[in-house]
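A note on names: the letters A, B, ... follow the listed sequences, proteins ahead of strands, and every chain is numbered from 1.
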Amino acid sequence: MSVREEFDRWASEGRDRGMAERHWHTAKHALARAPVEPGDTVLDLGCGSGYAGRALRDTADAGRVYGLDASPEMARNARSYTDDPQVSYLVGDFEHLPFADDAIDHCFSMESFYYASDPHAALAELARVLRPGGTFYCAVNFYEENVHSHHWPEKVDVGMTRWSEREYRQAFREAGLHVAGQDRIPDREITIPPADEFPTEDWESRDAMVERYRTYGTLLTVGVAP
Amino acid sequence: MSVREEFDRWASEGRDRGMAERHWHTAKHALARAPVEPGDTVLDLGCGSGYAGRALRDTADAGRVYGLDASPEMARNARSYTDDPQVSYLVGDFEHLPFADDAIDHCFSMESFYYASDPHAALAELARVLRPGGTFYCAVNFYEENVHSHHWPEKVDVGMTRWSEREYRQAFREAGLHVAGQDRIPDREITIPPADEFPTEDWESRDAMVERYRTYGTLLTVGVAP
Amino acid sequence: MREDLMDIICCPLDKHELDLEVIRRNDEEIMEGRLVCTECGEEYPIEDGIPNLLPPDMREESPA
Amino acid sequence: MREDLMDIICCPLDKHELDLEVIRRNDEEIMEGRLVCTECGEEYPIEDGIPNLLPPDMREESPA
Ligand SMILES: Nc1ncnc2c1ncn2[C@@H]1O[C@H](CSCC[C@H](N)C(=O)O)[C@@H](O)[C@H]1O
Ligand SMILES: Nc1ncnc2c1ncn2[C@@H]1O[C@H](CSCC[C@H](N)C(=O)O)[C@@H](O)[C@H]1O
């Protein structure tokens with residue numbers, strides 16, 4: 001199935017909002033670090049419901065926020081959640097960004113980058129559209145070290161790239177981005193039931209669930225255009 | 001009093017180790033984010049006991065680690081805590097770095113940067129010695145938003161610069177560094193007594209102490225050489 | 001889409017500028033229209049206020 | 001200090017190269033010595049294995 005079809009289906013089932021709620025636990029910490037100044041132009045890559053870009057309008061006074069998603073239904077939903085004239089949504093593809101060189105101050109992406117069919121091409125596009133000093137905040141829960149994410153591709157009908165932390169750093173550098181930092185942001189908010197309620201539908205043991213959320217959490221890699 | 005005299009006194013009273021222990025609560029999170037690769041050359045600016053550079057040898061396999069401090073007694077203590085031939089200590093000044101251009105891959109600094117008598121000159125020196133893509137991880141507990149730190153200069157006999165978060169970002173940019181991120185790292189480890197033990201010697205109220213450590217914590221600003 | 005988007009968008013394929021053809025607009029936005037690449041001539045639709053800048057081979061037609 | 005430090009250190013004042021004068025060394029390190037700027041001639045001491053590269057006006061003598 002194409003990315004467009006798969007995520008159009010998710011969007012029409014309302015899954016965009018559920019994702020946003022779960023991702024917010026860690027995404028907000030990544031967003032809080034981003035060096036967005038008042039008036040900056042921000043891109044939310046694979047925006048889904050679009051909450052991340054809207055948050056940067058509110059907290060950092062970003063000037064213009066663009067949410068880009070391959071799924072027209074996601075973009076349509078995202079658009080319906082705001083009246084802010086400074087926030088726009090576009091349908092587009094990571095590997096074919098419809099932005100001029102140096103047009104973007106900062107780019108944020110949560111749980112979407114690894115869907116790129118050619119992630120190296122996507123990084124090259126980001127390096128192109130970011131102005132010198134612009135950052136790419138790339139947040140993913142699906143990555144090599146997070147063993148609890150390895151089976152996710154079975155549940156999703158599109159390709160997913162599983163890089164290690166090191167592979168993220170290397171790929172950023174190959175695309176010409178400096179790597180400014182990398183770490184795992186724990187999800188401290190998810191409710192973890194007491195031990196005697198395990199196994200649950202999703203988790204064999206409490207330890208596994210704790211490790212998934214508190215130890216692996218969300219991998220954030222920060223790139224900077226030279 | 002000069003920085004050298006003040007901190008020589010601290011070092012000879014053994015205060016370097018107490019500081020290291022307290023600072024570790026937040027410094028370790030900043031260190032964990034730094035994009036240090038095996039073999040990289042790392043500078044620990046205002047190293048005190050030198051724990052930060054030694055940690056990067058252990059965790060990130062840094063190649064050579066240099067701790068620089070204006071206080072010969074601090075450098076002497078730091079040297080006595082390790083036998084690692086890849087770790088060296090130097091006596092020197094932030095504003096007159098004794099390193100060749102582009103000689104340093106990454107620089108870390110905890111609770112020391114604001115002692116520079118001319119912090120802009122110190123940043124210019126850092127921009128000079130960092131190679132392109134090199135990062136400056138600047139961690140401070142003393143800053144404008146942290147109101148609980150405002151009285152600290154009364155207790156220290158050397159000048160201290162109190163910048164706001166925004167002033168840090170601006171000064172980094174003026175020195176030619178890109179700002180890759182900024183945030184407050186909470187200290188979740190410090191023991192905060194129950195409410196009925198307040199006022200304590202240092203704290204009027206429990207709320208104030210919670211705010212100091214959990215809300216303001218340590219301000220981290222990350223700069224990247226273009 | 002608001003017209004100021006034209007400042008930064010370009011053809012996703014060859015990165016050349018786009019021309020805007022408006023079919024329907026309201027006070028703030030272009031609701032229906034087309035973006036046409038000034039170089040390759042490729043056309044990108046604007047539907048319900050949202051520009052679709054997917055490369056043509058990734059843009060399936062909406063079911064009728 | 002280990003001799004490989006010479007690869008990256010320079011005069012803190014004019015950033016020119018330094019010459020190393022060894023007074024005492026052990027198997028690994030130079031324990032006492034001097035670093036002399038090849039340009040301005042300023043001298044920086046190495047004491048107990050630690051080079052002191054403070055600008056001269058910041059380097060007070062240790063109390064006798
Ligand atoms: N190649 C591609 N180009 C553009 N968007 C893509 C894409 N591959 C996946 N996506 C989009 O990426 C999103 C991943 S779901 C994550 C959505 C949102 N960032 C959140 O945190 O909740 C989906 O909406 C999907 O349509
Ligand atoms: N201008 C300057 N040049 C070099 N070192 C300086 C300096 N001003 C202050 N320092 C050093 O900065 C240190 C601050 S105390 C912090 C020490 C250590 N980083 C820690 O986290 O515990 C002191 O050791 C002091 O000597």
Side-chain angles (χ1 to χ4, degrees), chain A residues 26-38 40 56 59-61 105-108 127 130-139 145 164-186 188 214-215 217-226, chain B residues 26-38 40 56 59-61 105-108 127 130-139 145 164-186 188 214-215 217-226:
Chain A
T26 56
K28 66 180 173 189
H29 296 291
L31 289 164
R33 295 183 193 176
V36 175
E37 301 292 343
D40 276 357
L56 287 172
T59 60
D61 198 18
D105 288 307
H106 300 286
C107 175
F108 178 86
L130 285 171
R131 53 100 173 155
T135 64
F136 175 37
Y137 270 62
C138 180
E145 285 80 358
S164 66
E165 298 178 342
R166 187 154 168 277
E167 284 173 308
Y168 269 95
R169 300 198 302 276
Q170 279 187 333
F172 274 46
R173 292 184 181 122
E174 280 164 28
L177 297 171
H178 296 316
V179 176
Q182 184 177 62
D183 72 323
R184 302 173 190 170
I185 302 176
R188 299 179 193 278
R214 303 282 148 84
T215 305
T218 294
L219 178 67
L220 176 68
T221 308
V222 178
V224 180
Chain B
T26 55
K28 66 180 172 189
H29 296 290
L31 289 164
R33 296 184 193 176
V36 175
E37 301 292 342
D40 276 356
L56 287 173
T59 60
D61 197 18
D105 289 306
H106 300 286
C107 176
F108 178 86
L130 285 172
R131 51 99 174 156
T135 64
F136 176 37
Y137 269 63
C138 181
E145 284 81 359
S164 65
E165 299 179 341
R166 189 156 166 275
E167 284 173 307
Y168 269 94
R169 299 198 303 274
Q170 278 186 331
F172 274 47
R173 291 185 182 123
E174 280 164 28
L177 296 173
H178 296 315
V179 176
Q182 184 178 60
D183 71 324
R184 303 172 187 170
I185 302 177
R188 299 178 193 276
R214 304 281 148 85
T215 305
T218 294
L219 178 67
L220 175 67
T221 308
V222 178
V224 179

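- Not counting sequence neighbours, B:Thr59 has no partner by the side-chain hydrogen bond (donor to acceptor under 3.5 Å, both in side chains) test.
- Only the side chain of B:Arg169 comes within contact range of chain A, judged by heavy atoms closer than 4.5 Å.
- Residue B:Leu130 holds its CG atom at 8.5 Å from CG of B:Asp105, rounded to the nearest 0.5 Å.
- Close approach to chain A, defined as a heavy atom under 4.5 Å from one of its heavy atoms, is seen in B:Arg173, B:His178, B:Val179, B:Ala180 of residues 173-180 of chain B, taken by number.
- Distance check, rounded to the nearest 0.5 Å: CZ of B:Arg188 to NE2 of B:His29 gives 7.5 Å.
- When side chains are defined from C-beta on, A:Ile185 counts as touching A:Arg33, because their heavy atoms get closer than 4.5 Å.
- Atom CD of residue A:Gln182 and atom CG of residue A:Leu220 lie 8.0 Å apart, to the nearest 0.5 angstrom.
- Not one N or O on the side chain of B:Glu165 forms a donor-acceptor pair closer than 3.5 Å with the backbone of B:Glu145.
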